[in-house]
Amino acid sequence: MTDPQRSVSAARKVSQKIRQELLDTLGVPKGAATVARRPTLEGDLLVVRLTAASVLSADQRPARFRGFPVTYEVVRPVKIGRL
């Protein structure tokens, strides 16, 4: 029986450099998107979080980047300070 935690650690991981390259490649305005990594048993998944769906059209959203699958989420922008 294999240890699931060990399998995740042995899977391919996305470096900070690759995340930055994807963000630069997308060419969205500063602050309109972030790129995170989501570990899976098969290897990391790149997650692009957009502040609005209109920031990046569907034809500008690659499904893979540097061998990693890419997914997209629309999230509310983070606000700092009092509500």
Side-chain angles (χ1 to χ4, degrees):
M1 186 168 170
T2 60
D3 179 9
Q5 210 47 315
R6 179 173 227 179
S7 298
V8 170
S9 64
R12 283 187 60 205
K13 292 186 179 182
V14 176
S15 69
Q16 177 66 35
K17 181 181 177 188
I18 290 175
R19 290 168 47 197
Q20 184 62 51
E21 287 175 7
L22 175 56
L23 192 57
D24 294 342
T25 299
L26 295 175
V28 296
K30 196 168 246 188
T34 58
V35 179
R37 59 177 278 272
R38 184 175 295 147
T40 70
L41 291 175
E42 296 80 31
D44 282 357
L45 171 71
L46 288 160
V47 181
V48 178
R49 295 185 178 122
L50 304 167
T51 57
S54 61
V55 169
L56 198 61
S57 65
D59 63 328
Q60 295 175 310
R61 299 178 184 191
R64 295 190 72 76
F65 186 79
R66 305 261 189 240
F68 292 96
V70 182
T71 189
Y72 298 84
E73 300 174 350
V74 178
V75 296
R76 293 177 47 180
V78 175
K79 297 201 179 196
I80 300 173
R82 296 182 184 176
L83 295 175

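Please read these numbers as outputs of a predicted model, since none were measured by experiment. Numbering starts at 1 and runs along the sequence shown.
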Discussion item. Quick check: closest heavy atoms across Thr51 and Gly31, and the distance to 0.1 Å?
Written reply: CG2-O, 3.5 Å
Worksheet item: Tell me, do Thr25 and Pro62 make a side-chain contact under 4.5 Å, heavy atoms counted?
Response: no
Discussion item. To check you understand the geometry: which heavy-atom pair defines the closest contact between Arg12 and Arg66, and what is its length?
Written reply: NH2-O, 3.5 Å
Item to complete: Spell out, as yes or no, whether a donor-acceptor pair under 3.5 Å connects the side chain of Gln20 to the backbone of Lys17.
Response: no
Practice prompt. Look at the side-chain heavy atoms of Ile, Leu, Val, Met, Phe, Trp and Tyr, link any pair under 4.5 Å apart, and say whether Leu22 and Leu45 land in one connected group.
Written response: no
Worksheet item: Rounded to the nearest 0.5 Å, how far apart are OG1 of Thr34 and CZ of Arg19?
Response: 8.5 Å
Response to the item:
Note: Ala33 and Val48 closest approach over all heavy atoms is CB-CG1, 4.4 Å
Worksheet item: So if you build clusters from Ile, Leu, Val, Met, Phe, Trp, Tyr with side-chain heavy-atom gaps below 4.5 Å, do Leu26 and Phe68 land together?
Response: yes
Worksheet item: Do Val35 and Ile18 share a hydrophobic cluster (ILVMFWY, side-chain heavy atoms under 4.5 Å, transitive)?
Response: yes
Worksheet item: Is Arg49 positioned over the aromatic face of Tyr72, cation under 6.0 angstrom from the ring centre and no more than 45 degrees off axis?
Response: no
Worksheet entry | Contact check, side chains of Arg37 and Val47, non-hydrogen atoms, under 4.5 Å | no
Discussion item. Is it the case that the side chain of Asp44 and the backbone of Val14 share a donor-acceptor pair, with hydrogens and angles ignored and the cut-off at 3.5 Å?
Written reply: yes
Worksheet item: In the single-linkage hydrophobic clustering (I, L, V, M, F, W, Y; side-chain heavy atoms under 4.5 Å), do Phe65 and Leu23 co-cluster?
Response: yes
